[in-house]
2 protein chains.
Amino acid sequence: MKQPTILDVAERAGVSKSLVSLVMREPERVSDTSREAVLQAAQELGYRPNAVARSLVQRRTRVIGVVLSDLHNPFFADVADGIEEAAVQRGYRAMLSSGFLAPKRERIAIETMLELRVDGLIMLGSMMKVAKIERMADALPITLLGRHTRSKALDSVGVDDSAGARQAVDHLVSLGHEKIVHIHAGTAAGAPRRRSGYEKAMRRHDLQPRLVKGAFTESGGAAAMREILDGGDIPTAVFAPNDFAALGAMETIDAAGLDIPADISLVGYDDLALAALPRISLTTIGQPRADLGRQAVRLVLECLDAGRTTARHIVIPPTLVVRSTTAPPRS
Amino acid sequence: MKQPTILDVAERAGVSKSLVSLVMREPERVSDTSREAVLQAAQELGYRPNAVARSLVQRRTRVIGVVLSDLHNPFFADVADGIEEAAVQRGYRAMLSSGFLAPKRERIAIETMLELRVDGLIMLGSMMKVAKIERMADALPITLLGRHTRSKALDSVGVDDSAGARQAVDHLVSLGHEKIVHIHAGTAAGAPRRRSGYEKAMRRHDLQPRLVKGAFTESGGAAAMREILDGGDIPTAVFAPNDFAALGAMETIDAAGLDIPADISLVGYDDLALAALPRISLTTIGQPRADLGRQAVRLVLECLDAGRTTARHIVIPPTLVVRSTTAPPRS
DNA sequence: CAGCTTCTCTGGAACGTTCCAAGCGTGCGT
DNA sequence: ACGCACGCTTGGAACGTTCCAGAGAAGCTG
């Protein structure tokens, strides 16, 4: 039951514990005979280095903590994948903690990560106040992902939501649309920029922005769409704040007996996998998700390995993905 | 930069390190004055217990490792959520590691977990040979999730796929169907039991089983469905091996100009979130996903805290979720 | 007031590594 | 033959906790 330690291996191989340690870390610096003896002894005993002890003495764990708000959201899953891949590739491991939709659970998750002494922290879709996060940042490098900030203490990597919104509007205008409504998601992460990007783009085309309050959820999108249809002046195109909301809007439009895209064109945001399903086939704004994760890891490791101390902020442009929910307006 | 230790706190509070340690663990056993002094000193210094050091001396980490094959699969995300919730509730943390579709990366992920000395391991959708896993099981308790085994050394918690398949068939038969084809997914995890459950249920109803080879993917389902339609003798109902395959089948049926459910009824398996989307609205077999995760944690903790040593195998029954892709056959 | 228990607190050992200074041969140049 | 550098190896200290035996003080009992 008890696992063998470096001392057991040393005894069996007839060398000192220090030499065993060296074999594990830099085998080339040890003579052939000693190396063989140690490796064989380790093999026979089923020795496995204890990363806990190593972390204690080295005062670092080579673990990057990832705190994310919701595993169900495929967006986060993709980003997490990018993080894990990049971390492993550079000799680190990623430790995920999920499932807080409550801010309180988020605090606990972060606190746990800090107690475990992760070397760096990546926060995904966090709702926490930047000032609060900054207060932790003297203990370790922290990168905010999918969120913008000008913080001097925190790194960030996000998508240019304003540009994404502009691409959506430009696409619809180029198809001939003029009455384009935006369902906005209030102050939720990323929503304000999508909204202002929409407004700016509309004005650049000399069109009147029209906003309806919704949310980042299916039901939020459905409710907003109902409000739009009930409002009388029905637009020829709707730009939803994300794919879930677009899905909700789609349901409402379907239920009203209207056709997409003939009666109403619809654009989402995120390019979730389900947006590509033939029965959905949603035109949307795609984000380089795995790349976001990789960039975040890069930022953290720059602080860790290269010793960077000034904050960096990376913004990645999104791309328009045209599918079947957009077409020129009728007549 | 350097984080304060228990010694710094002790000095500031004018007590011994042991007392500080005690305050952190069992505050009620310390006098009011000492406790206050220690807590205040800790607060002022921004002290945070070092879980690495604690793990070393206690020889346990209170971390449960979760190795899963694919974060993108919403099924795994739900299960992982259940795991995390149950773990936190009982004073443990869950550490997720994902993203191996290659067996080699799976080995590495597990090895890493073992080096980090996680207290228990839950393996989700693993492809590894049971014998190989068993060899690791003397170091810590391991639970196989979503996979059946009779192992004496490994726990497992799975869903009764055979019963699920029977429910699908019974449902279709009760609607009046007789020509029911099953798209099977070969030897992929869970597929054989779904298939044999289907065959047994068909025979119990004196119906002729009919199998077509597909896969657990959208494209696999689409291809199998094409084969069925091209085969001439078109069935009135199709039972897919999972929701993705059902989705593929659905696309093929749509493309052929046939109606679901009027021409062909369709049943999936898994009850993914997307199966509930109005445009999909797939009848399917639901699995208690979060519950699977919780049960797995319970099994691991039984070994850890209660000292159980004999393997246990839990089988949870699935439930039929009727939506709009099934109806009585035409005529 | 002696002897006990109870409460509170303490110092040292232990956990399994890494790191460092130093020891020991051995071979080489002079 | 001497000094020196080099390759290989070693023991002890350190990392930041928890655990344990036990020290004092205080309170209780008869």
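Reminder, nothing fancy here: chain letters follow the sequence lines and each chain counts from 1. These numbers come from a predicted model, not from an experiment.
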Under 4.0 Å between a side-chain N/O of B/Ser31 and OP1 or OP2 of C/dC7, yes or no?
-> no
What's the CG-P distance between A/Leu22 and C/dT18, to the nearest Å?
-> 9 Å
Taking CG from B/Leu19 and C1' from D/dT17, how many angstroms apart are they, rounded to a whole number?
-> 15 Å
If you find the nucleotide of DNA chain C closest to B/Thr33 and the one closest to A/Arg54, which residue's nucleotide is nearer the 5' end?
-> B/Thr33
Spacing between A/Arg35 atom CZ and D/dC8 atom C1', to the nearest angstrom = 12 Å
Reckon A/Gln58 has a side-chain N or O less than 4.0 Å from the OP1 or OP2 of C/dC19?
-> yes
A/Arg29 CZ - C/dC20 P separation (whole Å) = 11 Å
Which of the following nucleotides, D/dT17, C/dG16, C/dT18, is nearest to the side chain of A/Ser21?
-> C/dT18
Derivation of the side chain to side chain contact (heavy atoms under 4.5 Å, CB included) call for B/Met95 and B/Leu116 | CA-CA 10 Å; B/Met95 174 167 179; B/Leu116 291 172; 3.4 Å; yes
Flag, side chain of B/His313 to backbone of B/Asp155, donor-acceptor distance under 3.5 Å = no
Find the distance B/Gln3:CD to D/dG16:P and express it as a whole number of Å.
-> 10 Å
DNA chain D: B/Glu26 or B/Leu56, which has the more 5' nearest nucleotide?
-> B/Leu56
Within the structure shown, what part of the strands sits under 4.0 Å from A/Val30 by heavy-atom distance: base, sugar-phosphate, or nothing?
-> sugar-phosphate
NA contact type, A/Ser55, heavy-atom cut-off 4.0 Å: base, sugar-phosphate, or nothing?
-> nothing
Which part of the nucleic acid does B/Val52 contact within heavy-atom distance under 4.0 Å: base, sugar-phosphate only, or nothing?
-> nothing
B/Glu11 CD to C/dT10 C1': how many Å, rounded?
-> 16 Å
To the nearest 0.5 angstrom, please state how far the CE atom of A/Met24 sits from the OH atom of A/Tyr47.
-> 5.5 Å
Heavy-atom donor-acceptor pair, B/Ser97 side chain to B/Ala109 backbone, under 3.5 Å | no
Give one of base, sugar-phosphate or nothing for A/Ser18, where a contact means two heavy atoms less than 4.0 Å apart.
-> base
Does a side-chain N or O from B/Arg25 land closer than 4.0 Å to OP1 or OP2 of D/dT17, or not?
-> no
Please state how far atom NZ in A/Lys17 lies from atom C1' in C/dC20, giving the value in whole angstrom units.
-> 11 Å
Quick one: B/Asp8 CG to D/dG16 P, roughly how many Å, whole number?
-> 9 Å
Does A/Ser16 place a side-chain N or O at less than 4.0 Å from the phosphate oxygens OP1/OP2 of D/dT10?
-> yes
Any donor-acceptor pair under 3.5 Å linking the side chain of B/Glu84 with the backbone of A/Ser98?
-> yes
